[in-house]
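Have a look at the structure below, then the notes.
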Amino acid sequence: MLKMTHLSKVYRTEVVETYALRDFNIDVKEGEFVAVTGPSGSGKTTFLTIAGLLETFSGGEYHLDGIEVSNLNDNARSKIRNEKIGFIFQAFNLIPDLNVFDNIEVPLRYRGMKAAERKQRIMDSLERVGLASRAKHYPAELSGGQQQRVAIARALAGSPRLLLADEPTGNLDTQMARSVLELLEDIHREGATIVMVTHDPELAARAQRNVHIIDGQVVDLSEDPRFHVVHAEHTGTNA
Amino acid sequence: MIQIKPILAAMRHHKAGTVLIALQIALTLAIVCNALFIIQQRTARLSRPSGVEESNLFVIRSDWADKSDPQHTDIQMQADLLALRQLGSVQDASPTNSFPLRGGGWDNFIKLAPDQVKMTTDAAIYFADEHSLATLGTKLIAGRNFTASEIGSQKPRDRLSSAQVIISKDLAQRLFPAGSALGKTIYVSADANKPSTVIGITDTLQAHMQSRRTPDYAYNAVLIPARLLDDGTVYLVRAKPGQLAAAMHDATKALYAQSRMRIIDRKDGVMTFAQVRQRFYKSDLGMAILMGIISVVLLAITAAGIVGLTSFWVGQRRKQIGVRRALGATRGDILNYFLTENLLIGIGGVLAGAVLAIGINLWMVTQFEMARLSLAYVAVGVVALLLLGQGAVLAPALRASHVSPVEATRSV
């Protein structure tokens with residue numbers, strides 16, 4: 001589903017080159033639920049933005065659902081984002097001027113979907129996250145957990161091949177975080193491929209597989225003595 | 001246009017900015033439509049024909065220092081005219097009281113019967129002689145010119161008295177719409193016992209009075225075969241081709257040689273007809289330029305307002321644009337979003353502006369006797385304002401379309 005091979009991302013200024021990702025390799029199979037962990041500045045978010053085609057990479061190869069994406073133009077990348085990828089952001093990223101229904105409708109409109117189908121998908125996805133009764137509410141009228149559920153509904157409505165979640169519970173209290181996580185697990189059980197970036201060890205432990213990033217590279221925790229303690233304390237699974 | 005519903009929904013949350021820009025567009029449209037209409041009316045006046053061959057024509061105003069003896073004045077005028085016509089640089093010269101574009105003069109009620117109570121029309125009275133048509137360069141389209149023996153003289157307080165008159169074709173058509181005016185009797189004088197026979201009809205000849213309130217009389221003129229013995233006189237002089245400046249100099253010199261007992265104003269005693277035209281239409285041209293400047297300034301302010309507000313909105317919604325891009329919006333979708341948003345605001349503005357434009361015009365019609373605003377001006381204004389809006393929003397909209405989707409992942 002998602003395969004990066006020797007991928008690199010370099011940020012260049014006049015005086016310095018900074019590698020956010022270096023010789024980065026990852027292979028996420030269809031139907032997997034993968035947690036990507038790592039310390040701040042390790043390259044987790046850079047990996048996610050490249051995986052989601054939000055920005056380009058400097059070298060290597062990236063195949064998404066069998067498509068080599070490095071040579072795609074901006075419109076083609078937009079189309080893939082729209083049709084194949086569902087995003088769940090830490091800050092929810094709902095549009096405050098639009099109600100719940102209209103928020104979920106945004107990516108479906110860009111797909112050129114007919115109104116009847118859009119409505120059906122929106123109501124189905126709202127049912128799925130348990131917020132069918134809140135369709136006419138505005139984001140400001142919802143709790144953080146409810147807003148994240150709306151964001152998940154927005155990601156699900158387009159039936160994406162891949163769900164990318166960036167710290168999906170980062171802005172939620174424990175109770176709300178737990179319910180959002182259970183929702184993601186349900187979605188995974190129904191066959192979705194999920195890649196989730198998180199700081200939260202508890203959250204990572206609930207994923208099927210953990211990938212740890214340090215200094216822009218995927219590391220095998222079991223082979224790195226620096227991380228044995230952390231590794232033992234948390235999950236026991238790694239890339 | 002797939003984005004209209006969410007744009008309208010979003011606009012409800014930005015009411016203040018939306019309403020302000022719509023109001024600005026409405027006011028601009030209302031004022032610009034009326035301003036353009038005024039410009040068109042004024043410039044149309046500028047381009048009206050005078051009926052005079054204006055090139056090589058100039059005007060001398062001579063005031064008499066000794067005003068006591070009309071008979072002496074008559075002799076002096078004849079001597080002046082003889083001297084002017086003998087100048088090598090002059091083609092012809094004639095006396096008059098007024099002429100087209102003078103901006104003032106003598107006009108009389110014209111009647112068709114001696115006992116008629118209400119006038120048939122009004123007309124400018126131009127005192128003329130047998131040289132007047134040649135000097136003016138005005139064509140005679142029917143009948144004949146005055147002969148030297150028909151030219152008399154008249155004091156200002158005398159009632160008009162002329163057995164023969166030449167009239168302009170517009171006056172002829174107004175007086176006798178069914179047939180030719182030639183040979184017909186008209187009453188130029190208030191004296192019922194003094195009829196005048198139309199012996200000639202000129203081509204177009206503009207009247208000196210050009211009030212916007214009397215457009216019907218604008219081309220009514222009657223030529224009376226007489227020299228007006230007033231406190232001063234006006235000589236129309238046609239220079240030979242290419243000798244206008246020389247003729248103006250020679251003519252002034254010749255007149256002073258005839259008599260020093262006269263005053264020819266140094267500033268505007270001698271004027272080319274081009275200067276006469278310029279002075280006559282100064283206020284019209286000034287008004288047209290003023291209205292043009294107001295229109296340009298208003299349009300520029302409106303465009304700047306749209307650019308400013310859209311730039312502000314783009315900056316404010318940077319994250320939102322990134323989210324839309326992350327969710328699959330292409331650059332074209334983002335560009336389309338801002339263009340459509342502006343178009344919707346613009347449509348609201350021009351609808352209100354069209355009503356306001358017509359309202360302002362109706363008020364001016366009642367208050368200032370202005371003509372009714374043609375709806376074509378409103379239509380052109382609507383299209384122009386919408387295009388201006390789209391043009392103004394283009395740069396900030398293009399900036400918005402280049403916001404990267406990665407903005408969605410950045411914390412504000």
Side-chain angles (χ1 to χ4, degrees), chain A residues 44-46 48-50 52-56 73-99 101-115 118 136 138-140 151 154-155 157-158 160 164 166-167 170-171 197, chain B residues 1-19 309-310 312-342 344-345 397-412:
Chain A
K44 300 189 301 295
T45 300
T46 303
L48 195 84
T49 57
I50 290 171
L53 305 187
L54 300 182
E55 64 180 333
T56 55
N73 64 24
D74 193 77
N75 278 358
R77 294 165 70 85
S78 296
K79 187 174 164 66
I80 290 178
R81 280 198 299 274
N82 183 257
E83 293 179 357
K84 293 184 183 293
I85 303 170
F87 288 99
I88 303 164
F89 301 98
Q90 180 178 358
F92 323 134
N93 283 355
L94 298 177
I95 294 169
D97 302 334
L98 302 180
N99 65 27
F101 186 97
D102 291 338
N103 258 289
I104 299 172
E105 196 177 32
V106 169
L108 306 183
R109 278 181 177 270
Y110 291 132
R111 201 181 287 193
M113 203 176 270
K114 287 205 165 67
R118 290 202 303 265
K136 295 296 172 195
Y138 284 86
R154 181 175 65 184
L164 294 176
D166 182 13
E167 302 279 9
N171 281 1
V197 165
Chain B
M1 291 295 173
I2 58 166
Q3 305 189 55
I4 287 177
K5 186 178 161 242
I7 289 172
L8 286 173
M11 279 189 334
R12 284 200 289 269
H13 291 259
H14 299 94
K15 281 194 193 105
T18 304
V19 169
L309 187 71
T310 311
F312 172 71
W313 278 347
V314 168
Q316 196 184 38
R317 299 182 200 169
R318 205 171 166 78
K319 172 104 174 175
Q320 188 188 121
I321 296 165
V323 171
R324 287 179 182 275
R325 293 277 282 131
L327 296 175
T330 60
R331 284 177 181 160
D333 289 326
I334 300 298
L335 183 69
N336 186 34
Y337 181 96
F338 283 95
L339 290 177
T340 307
E341 183 179 64
N342 173 268
L344 292 173
I345 296 171
L398 277 170
R399 273 204 305 281
S401 72
H402 282 85
V403 169
S404 167
V406 82
E407 286 287 334
T409 63
R410 293 192 179 134
S411 52
V412 179

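Naming convention: chains lettered A, B, ... in sequence-line order (proteins, then strands); numbering from 1 in each chain. Worth knowing before you read on, the calculation uses all heavy atoms, side chains too, and leaves out hydrogens, waters and symmetry mates.
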Exercise for review: Give, for atom OG1 of B/T310 and atom CD of B/E341, the distance between the pair rounded to the nearest 0.5 Å.
Suggested key: 7.0 Å
Point to revise | CH2-CD1 distance between B/W313 and B/I321, expressed to the nearest 0.5 angstrom | key: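 Answer for the CH2-CD1 pair, B/W313 versus B/I321, is 12.5 Å.
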Per-residue contact mode, [X] against chain B (heavy atom under 4.5 angstrom):
{"X": "A/Q90", "result": "neither"}
{"X": "A/N93", "result": "both"}
{"X": "A/R77", "result": "neither"}

Point to revise | N/O donor-acceptor pair under 3.5 Å between A/R111 side chain and A/G158 backbone | key: yes
Review point. So which part of B/V406 gets closer than 4.5 Å to some heavy atom of chain A, the side chain, the backbone, both or neither?
Key: both
Study note, to complete from the structure: Counting heavy-atom pairs under 4.5 Å with chain B, the top scorer among A/L94, A/I80, A/D74, A/L53 is A/D74
Point to revise | Selection from A/G52, A/S78, A/A115 maximising heavy-atom pairs under 4.5 Å formed with chain B | key: A/S78
Point to revise | Greatest number of heavy atom pairs closer than 4.5 Å to chain A - which of B/R12, B/M11, B/H14 | key: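 Of the options given, most contacts go to B/H14.
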Practice item. Specify which of B/G322, B/A9, B/A326 makes the most heavy-atom pairs with chain A at under 4.5 Å. Key: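 Among the listed options, the one with the most contacts to chain A is B/A326.
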Check your understanding: Can A/R109 and B/D333 be counted as an ion pair, charged N to O under 4.0 angstrom?
Key -> no
Exercise for review: Starting from the C-alpha separation in whole Å, work towards a yes-or-no answer on side-chain contact (heavy atoms from CB on, under 4.5 Å) for A/R81 and A/L54.
Suggested key: CA-CA 8 Å; A/R81 280 198 299 274; A/L54 300 182; 3.5 Å; yes
**Study point:** Within-4.5 Å side-chain heavy-atom neighbours: B/Q320 and B/E407
**Key:** no
